[in-house]
Amino acid sequence: MMMKVKVGFVFLILFKISALTVCAQVHPYVVGDKFTKRLNAGEAQLNAKTAEKLPAMNGESRVALKANVLSTIDVANAAPDLVFVIKVPEAGTYEIATRAVPADNGGGLTKDGQGNVIAAYVKIQIDNQKATKRILYDLHQAANQVSGKFELNGKDQEIKVWLPKGLELQYLEFKNYNSPEVPLKVRNYVPKIVPPAGHPRLWVTAQSLPLVRARLTEGENQAVWDRVGTSAKEPYKFDFNPEKEVFYQEELEKAAQIKAFYYLMTGDKKVGQEASRLMVNYMKMLEFGNVKYGDITREVGRAIYTAALVYDWCFDLLTEKDKQLLYDKMLGLAREMEIGWPPFMDSIINGHGNEAQISRDLLAMSIALYDKNPELYKYTSYAILEDLVPMRKFEYESPRHNQGVDYGAYRFGWEMYAVWLYYRMTGLSVFDDNIKSLPYYWLYMRLPDGYMLRDGDMFSVKFGADRPLYWKQPQTMLLSSAYANDPFIKGESEREGGLPDNPVLFLLVNDPKLKADHNLNSLPLTKDFGTVLGGMVVRTGWDNSETSKDVIAEIKGGGYMFGNHQQADAGALQIYHHGIQVGDIGLYLSYGSAYDYNFNKRSIAHSMMLAKDPEEPLLFRAKVRDGGTRFNQRFPLTPQEVTTDPWYDNGKVLSSDFGPSKLKPSFSYFKADLTGAYTSKMSSYTRGFCFLNLGRADVPAVIILTDDMVTAKPEFQKFWQINTLNKPEELNGSLVLRNELKGLVGKTYVNMLVPSAADRVTTVLSGKNANSTFGEKFEVNSPKAEANAHRIMVSPKKADKQNKFLTVFQMTEGDAKPLPLDFKESEGRYQLILADRVVSMASGSDLLQSAFTMDIPNNGTYEIALLGMKPGFWNVKQVGGKLNFNSDVVPGKNTIIFKAEAGKYVITPGRAYEAVDLK
């Protein structure tokens, strides 16, 4: 079976899928619980000149414009085509819905060049109020549309309707509307931190305003301030018809913000009054109608945020009438946001609720309007201070974002707005200081080709080009660097191009005295991400130019699963050397599609272990069993929930260490117990990872990967899998992977030592066959290399409950040959010797607890890494030699590193009296 995925959808969903969100509404608004009334079109009073009643269809009457009549929706003072009369039981807010079907089997609908239906609008007027245009039919909701929320007075009221051509109206339906419920704990909440008296209090207060003003003419701020001044003084023309609504105008909002900021900084009343009038007139005419596609809530939110800034910064220039209008319009728009108002339809912890809606837009509104209505701030402050802050304190103990590279950076940027708004409002850091370390995640994930190691759903993709865009989220980096006063993150912000489109934000936070540091060589080459989101990124250098010869690798595993854009990738391996050598091949083309839920987000698109249980339960609209870890789209709301509910268990980090140098480690070791990430098909599973930075030009790095998997039944077939972008070559029992960038070639020699070649079966799925989940194929139309990649799958020939795998990856430069490898397995451990390194790793899931011996060949001095050692003292003694020391193995590191020459060594648990204690 073949499922098709159109690449064109990607532009629709980058930030734009709300209908398919799996984040269940927490406190949804309710309609129709007290009143529902449907008025059939045939019951309306018809304009005999323009409209006609058509024969009923499926019992529904129909009214349409006459064949020779044009629509008068945009004609001033035209008589309506239909007039309904409604009397609701009591005054209040009501939702109006419509149903209209295409005439002539759709032949009368207007379509674009691709044949897609262009939205058709109806005009609605209640009594003599201002008329409004609403979608009557479109590509997304088709015939059934919710026109929106309207205020009705409980008396007989006329609902006047002007029809478009090509559609037949069947009915209008009225339902009472109830706002989202305010939880009891919020109703009783008394914020500990409240806005100060007076204005301004958004981004600056009377105390911080002098600091921002003083920085305007310092360093790099001067040129930006000059541009702001020029723009602020330039009149902005906003022509509008008082009888016609306007849709959002981003350029107008930017102009109003710049003018208000200029007034705040200079006191220029002429500019301030222009900002005030511009915003008041705009908000008076602004109408989003019932547009819901394209995640319009982001545009709604930006309008609220801009209005809040003007309200706060130009407070003394606004009349009481202006203030009331802005207040009413901001609250009205807030009600139309995805999170609703009060803002409890979605959680602030994850999903769209974790974007700008509360952290910027509604928080800014509630701060600006605090003296007028403190209840608004009570709602937003509870969500941020009582829900978001404690959850992020827990999550950011691992300095990476659970929503991955793209969505993590996007959503974290909005959290930084909340960080700053509170900080500038009160002088207090309400978020834990670990938030300052999070941006280093993006520094470590950066690749020399300009893109990033893959993590989560990735939307920052440039289609149809030789290389991706230089990945960037400069707003996030600016806010982070300024808050943490961090020169490295400021350097990243500058490399990403800075923030030329938002000069106001730049001037509000940028400190010219903080100089960007673009030299990352003082940062450790290895990053351990801790235990909440376990994993490790290892680099051989910080050369991020396209001609870089660096190797960058990542291993994931352990911690917790947070759902949404996080993928089922516990244990996944990635390797970069002149391009991706081993990695993920899923593409984020459309949220919730068959391909997305059955391939992209699933383990099968990653380089990790699979174990196929033919009876494994299918979850979250998944249709195919991929053999991987649990597919999860639920997210936890509190630290207690995530740590006590086994559903979120994504494995446990057993060991993590690197050294001996913490700046340029020669070895990096990571091991995780990933049993909990799988369903009960998995009895036990651990994956170990050792990265050797050899410091050589020909073979710069080696990775040793161990797997020990025990399934509940022997017939659950196991698959050791890696994915690569170019066709692998088989050479002398090894697989050779290859990639190239700027004419420089990198190769990876993959040598599986356990099981032996005689005891395993290797399958390579290429091109379209790689885009499949055990027979379920997906047609992926994309120019990206991942859409035409290769999957290498290795299975043991003999079915057994327990299987072990040991694989060595040697990354070579150009045509350099891989290094000779000496390997033996004994005493519950693997021993490997290559170049000047000797590595001992536990072959199973348990730590090494018993004595063992090692023979070191007579070829000079070796660095010895004993990995997977139980905590406590161990003695290392050279038989007949001088070396004799005790090492106290640290829990969670489980390593002993030392240098030694040829000889036999005995490694014994315990502390020897005559030996030297290593520090």
Side-chain angles (χ1 to χ4, degrees), residues 447-449 451 453-454 467 537-540 546 548-556 569 571-586 604-610 687 689-694 696-707 719-753 757 760-767 769-771 784-795 805-819 821 834:
L447 298 176
D449 66 1
Y451 205 31
L453 286 169
R454 286 32 166 185
R467 61 172 297 209
V537 170
V538 191
R539 313 174 65 96
T540 59
E546 290 181 297
S548 169
K549 296 183 179 181
D550 289 348
V551 176
I552 301 104
E554 181 202 34
I555 185 70
K556 283 184 179 174
D569 58 3
L573 174 71
Q574 295 189 79
I575 304 172
Y576 176 96
H577 186 216
H578 298 304
I580 293 293
Q581 301 279 341
V582 174
D584 308 341
I585 60 170
I604 202 158
H606 301 80
S607 296
M608 55 186 286
M609 287 291 299
L610 311 174
R687 169 163 273 196
F689 166 92
C690 177
F691 184 101
L692 301 177
N693 184 347
L694 299 182
R696 299 170 59 118
D698 57 344
V699 185
V702 171
I703 291 173
I704 304 167
L705 193 69
T706 67
D707 294 282
F719 298 89
W720 180 98
Q721 175 176 276
I722 57 172
N723 304 320
T724 190
L725 301 183
N726 295 298
K727 188 173 182 179
E729 173 191 358
E730 188 171 356
L731 182 66
N732 300 326
S734 295
L735 286 170
V736 184
L737 315 180
R738 183 186 187 279
N739 214 330
E740 180 178 350
L741 183 65
K742 292 295 180 181
L744 298 174
V745 174
K747 294 181 182 179
T748 299
Y749 287 80
V750 184
N751 186 2
M752 181 171 282
L753 303 174
R760 66 182 188 249
V761 176
T762 301
T763 303
V764 178
L765 299 177
S766 297
N769 290 328
N771 299 318
K784 291 286 290 178
E786 287 87 342
N788 197 40
H790 308 266
R791 286 170 42 212
I792 301 165
M793 306 177 76
V794 180
S795 289
F805 299 81
L806 172 64
T807 313
V808 177
F809 302 76
Q810 296 195 47
M811 279 60 75
T812 66
E813 190 69 32
D815 292 326
K817 303 299 181 185
L819 299 170
L821 173 65
L834 74 167

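Side chains are part of it too, since the values below use all heavy atoms of this structure and drop only hydrogens, waters and symmetry mates.
Closest of all the heavy-atom pairs between Ser607 and Gly583 is OG-O, 2.9 Å.
Remark: side-chain polar atoms of Asn739 are not paired, donor with acceptor, to backbone N or O of Gly746 under 3.5 angstrom. Formation of a donor-acceptor pair under 3.5 Å by the Gln721 side chain with backbone atoms of Ile604 is found in this model.
Residues forming a salt bridge (charged side-chain N to carboxylate O under 4.0 Å, His left out) with Asp569 (at least two apart in sequence, or on another chain): Lys556. Scanning for side-chain contact (heavy atoms from CB on, under 4.5 Å) contacts around Asp707 gives Met609, Tyr685, Arg687, Leu705, Trp720, Phe805, with sequence neighbours left out. The ring-ring contact (aromatic ring centres under 6.0 Å, His included) check on Phe719 picks up Phe774, with sequence neighbours excluded. With sequence neighbours left out, Arg791 forms a salt bridge (charged side-chain N to carboxylate O under 4.0 Å, His left out) with no residue at all. A search for side-chain hydrogen bond (donor to acceptor under 3.5 Å, both in side chains) contacts involving Gln574 returns Glu554, not counting sequence neighbours. Asp550 is linked by a side-chain contact (heavy atoms from CB on, under 4.5 Å) to Thr540, Asp543, Ser548, Ile552, counting only residues two or more places apart in sequence or in another chain. Residues passing the side-chain contact (heavy atoms from CB on, under 4.5 Å) test with Thr706, sequence neighbours excluded: Leu806, Tyr830, Met841. Residues passing the side-chain contact (heavy atoms from CB on, under 4.5 Å) test with Glu786, sequence neighbours excluded: Arg454, Ile585, Leu587, Leu725, Lys784. Residues satisfying the side-chain hydrogen bond (donor to acceptor under 3.5 Å, both in side chains) test with Asn751, not counting sequence neighbours, are none. A search for side-chain hydrogen bond (donor to acceptor under 3.5 Å, both in side chains) contacts involving Thr762 returns nothing, not counting sequence neighbours.
Interatomic distance, CG of Asn726 versus CD1 of Ile580, reported as 11.0 Å (0.5 Å rounding). Between atom CG of residue Asp584 and atom CG of residue Asn723 there is a gap of 7.5 Å, rounded to the nearest 0.5 Å. The line from NE2 of His578 to CG of Leu744 is 5.0 Å long, rounded to the nearest 0.5 Å. Leu610 CG to Ser795 OG: the interatomic distance, rounded to the nearest 0.5 Å, is 9.0 Å. Note: Phe689 CZ to Ile704 CD1 = 10.0 Å, rounded to the nearest 0.5 Å. Expressed to the nearest 0.5 Å, how far CG of Asn693 lies from CZ of Arg539 amounts to 12.0 Å.
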List the steps, then state whether side-chain contact (heavy atoms from CB on, under 4.5 Å) holds for Ile703 with Leu692. CA-CA 6 Å; Ile703 291 173; Leu692 301 177; over 6 Å; no
Determine whether Val808 and Met752 satisfy the following criterion, side-chain contact (heavy atoms from CB on, under 4.5 Å), listing intermediate values before the conclusion. CA-CA 6 Å; Val808 177; Met752 181 171 282; over 6 Å; no
From CA spacing to verdict: side-chain contact (heavy atoms from CB on, under 4.5 Å), Leu821, Leu753: CA-CA 10 Å; Leu821 173 65; Leu753 303 174; 3.9 Å; yes
Run the numbers on Asp449 and Tyr576 for side-chain contact (heavy atoms from CB on, under 4.5 Å), then give the verdict. CA-CA 10 Å; Asp449 66 1; Tyr576 176 96; 3.7 Å; yes
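Residues Met811 and Val702 are not in side-chain contact: their nearest non-hydrogen atoms beyond the backbone lie 4.5 Å or more apart. Between Thr724 and Ile722, the closest side-chain pair of non-hydrogen atoms is not below 4.5 Å. Using a 4.5 Å heavy-atom cutoff, the side chains of Arg738 and Val745 are in contact. A heavy-atom distance below 4.5 Å is not found between the side chains of Leu573 and His606.
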Under 3.5 Å donor-acceptor pairs involving side-chain atoms of residues 729-737, not counting sequence neighbours:
none

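Residues His577 and Glu813 have side chains that bring a donor and an acceptor to within less than 3.5 angstrom of each other. A donor-acceptor pair shorter than 3.5 Å can be found between the side chains of Ser766 and His790.
Each of Leu765, Val761, Val764 was compared with Met793 under the side-chain contact (heavy atoms from CB on, under 4.5 Å) criterion, and only Leu765 meets it.
Using a 4.0 Å cut-off between a side-chain N of Lys or Arg and a carboxylate O of Asp or Glu, Asp698 and Lys817 do not qualify as a salt bridge.
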